[in-house]
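To keep things clear, I will list the structure first and then write my remarks on it.
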Protein chains: 2
Amino acid sequence: MPPIFSVDPRSGIPIYLQLIEQVKRAVALGTLDSGEQLPTVKALALDLTVNPNTVARAYRELERDRVIETSPGRGSFVRADGSPSVVKRAVTDVAASALSDAVRECRSLGCDAPAIRTLLEGALERWFPGENS
Amino acid sequence: MPPIFSVDPRSGIPIYLQLIEQVKRAVALGTLDSGEQLPTVKALALDLTVNPNTVARAYRELERDRVIETSPGRGSFVRADGSPSVVKRAVTDVAASALSDAVRECRSLGCDAPAIRTLLEGALERWFPGENS
DNA sequence: GCTATTGTACTAGTGTAGTAGTTCATTAGC
DNA sequence: GCTAATGAACTACTACACTAGTACAATAGC
């Protein structure tokens, strides 16, 4: 089977962060279903030719973010506690946090709320070209 | 005279970044006028009890961001080339960049444009409480 | 219980960001 | 020109993030 994830050690972005983002994206997009098992730490480390600790760190933070559940001897699984939207909610929380940080920085630079809304529309146009509200 | 800027070495935020943000904020809010001279590298370093290189680094990045102009023997001044809005524009560009980065991360997490707008309103409510559009 | 497989913990090496100490080049003003 | 002031450049130290190597503990399945 083709490898599910891929990382670029030379990208400058830490490997464990690349893994975290890919897992969250896969969960948010439904590529990974609730309850589905992730590759084991050692198998994924072997596949990506990185150290098991690097994969373990990514999984540890994903568990901290309530995206996956993991336990020794069993493996790591996409979280499936109750409503299936819980996981997506957790992912959305991360996105919200990123936006919140950006808004705080804008405010510290003297921008008011309307100015920030204008800036956001510009950013949306950049990353979602052709979509008008 | 009271010191214009203040830094906290124990905050975890690099000193030079604290300085950059304070200068940009002062420029954006009009506390520092176009053409106004900033404290010299060595005077500010002495005042804040940090190394001249730390202040110099902040000034260097501020010049890279087109916020100030600096030259040896003269000092550092708030940029005043033509329209006075150029400097504020430069500051706004930084804010726009922060938002753009956040939007890119949200998109990578599977959020679409409407979802991001909703998240932004939440962030605005957090940092600008009581302001409804 | 025994074994294989899982994630975890401990230690260490490597690179880089941040800061400091000091010296050098450039400019203004007389 | 001479002097004093300015920012720039160079080196080095420190802390921390990132990754790797290896050994350990916990669990599942028989």
Side-chain angles (χ1 to χ4, degrees), chain A residues 1 3-23 32 35-80 101, chain B residues 1 3-23 32 35-80 101:
Chain A
M1 70 190 85
I4 306 181
F5 306 117
S6 64
V7 293
D8 179 12
R10 301 167 307 172
S11 69
I13 302 173
I15 297 172
Y16 79 101
L17 286 182
Q18 295 182 46
L19 272 177
I20 289 174
E21 176 165 326
Q22 288 187 39
V23 172
L32 283 175
E36 190 169 347
Q37 180 168 16
L38 293 166
T40 69
V41 167
K42 287 175 181 172
L44 187 53
L46 199 65
D47 186 25
L48 301 176
T49 59
V50 298
N51 195 272
N53 273 318
T54 303
V55 178
R57 176 168 185 180
Y59 282 11
R60 200 182 321 132
E61 299 213 6
L62 284 167
E63 182 164 32
R64 183 177 54 78
D65 287 345
R66 304 274 175 178
V67 175
I68 68 175
E69 284 176 317
T70 178
S71 59
R74 290 181 55 246
S76 297
F77 303 84
V78 177
R79 203 176 177 89
D101 289 347
Chain B
M1 70 190 85
I4 306 180
F5 306 118
S6 63
V7 293
D8 178 13
R10 302 167 304 172
S11 69
I13 302 172
I15 297 173
Y16 79 100
L17 287 182
Q18 296 181 47
L19 272 177
I20 289 173
E21 176 164 328
Q22 288 186 41
V23 172
L32 283 174
E36 191 169 346
Q37 180 168 15
L38 293 166
T40 69
V41 167
K42 286 175 182 173
L44 187 52
L46 199 66
D47 185 25
L48 301 175
T49 60
V50 297
N51 195 273
N53 274 318
T54 304
V55 178
R57 175 167 187 182
Y59 282 11
R60 201 183 320 133
E61 300 214 4
L62 284 166
E63 182 164 32
R64 182 177 55 79
D65 287 345
R66 304 274 176 177
V67 175
I68 68 175
E69 284 175 317
T70 178
S71 59
R74 291 181 55 247
S76 297
F77 303 83
V78 177
R79 202 175 177 90
D101 289 346

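Here is how names work: the chains are called A, B, and so on, in the same order as the sequence lines, proteins then strands, and each is numbered from 1.
Listed by residue number, A/Arg57 are the residues of residues 55-65 of chain A with a heavy-atom contact under 4.0 Å to DNA chain D.
For the pair B/Phe77 CZ and C/dT27 P, the computed distance is 14 Å after rounding to whole Å. Protein atom CD of A/Glu69 is 16 Å distant from nucleotide atom C1' of C/dT6, rounded to whole Å. The separation between A/Asn53 atom CG and C/dA12 atom C1' is 11 Å, rounded to whole Å. In this structure, B/Ile15 places its CD1 atom 17 Å from P of C/dA17, rounding to the nearest Å. For the pair A/Lys42 NZ and C/dT5 P, the interatomic distance rounds to 10 Å; values are reported in whole Å. Here the C1' atom of nucleotide C/dA20 and the CG atom of B/Asn51 are 4 Å apart, to the nearest Å. Rounded to whole Å, the distance from CG on A/Leu38 to P on C/dT6 is 13 Å.
Where A/Gly73 and A/Leu17 meet DNA chain D, the nucleotide closest to each residue was compared, and A/Leu17 sits on the side nearer the 5' end.
A close approach under 4.0 Å does occur between a side-chain nitrogen or oxygen of A/Ser76 and OP1 or OP2 of C/dG7. Look at B/Thr54 and you'll find a side-chain N or O under 4.0 angstrom from OP1 or OP2 of C/dA20.
Annotation: the span from B/Leu46 atom CG to B/Thr40 atom OG1 amounts to 9.0 Å, rounded to 0.5 Å. Residue B/Leu17 holds its CG atom at 7.5 Å from CZ of B/Arg57, rounded to the nearest 0.5 Å. Taking CZ of A/Arg60 as the reference point, atom CD1 of A/Ile68 lies at 11.0 Å (rounded to 0.5 Å). Taking CD1 from B/Ile15 and CZ from B/Phe5, the interatomic distance works out to 14.5 Å, rounded to the nearest 0.5 Å.
Annotation: side chain of B/Leu48 is not in contact with side chain of B/Thr54 (no heavy-atom distance under 4.5 Å).
Residues meeting the side-chain contact (heavy atoms from CB on, under 4.5 Å) test with B/Asp65, sequence neighbours left out: B/Lys24, B/Val67, B/Val94.
Side chain of B/Gln22 to backbone of B/Ser6: a donor-acceptor contact under 3.5 angstrom is found.
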Kindly determine whether B/Arg64 and B/Glu61 satisfy salt bridge (Lys or Arg N to Asp or Glu O under 4.0 Å), including the steps that lead there.
-> CA-CA 5 Å; B/Arg64 182 177 55 79; B/Glu61 300 214 4; 3.3 Å; yes
Would you check, one step at a time, whether the test side chain to side chain contact (heavy atoms under 4.5 Å, CB included) holds for A/Leu44 with A/Leu19?
-> CA-CA 10 Å; A/Leu44 187 53; A/Leu19 272 177; 4.2 Å; yes
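Comparing C/dT22, C/dG18, C/dT26 by their closest approach to the side chain of B/Pro72 singles out C/dT26.
Of all nucleotides in DNA chain D having an atom under 4.0 Å from a heavy atom of chain B, the first and last in 5' to 3' order are D/dT6 to D/dC10.
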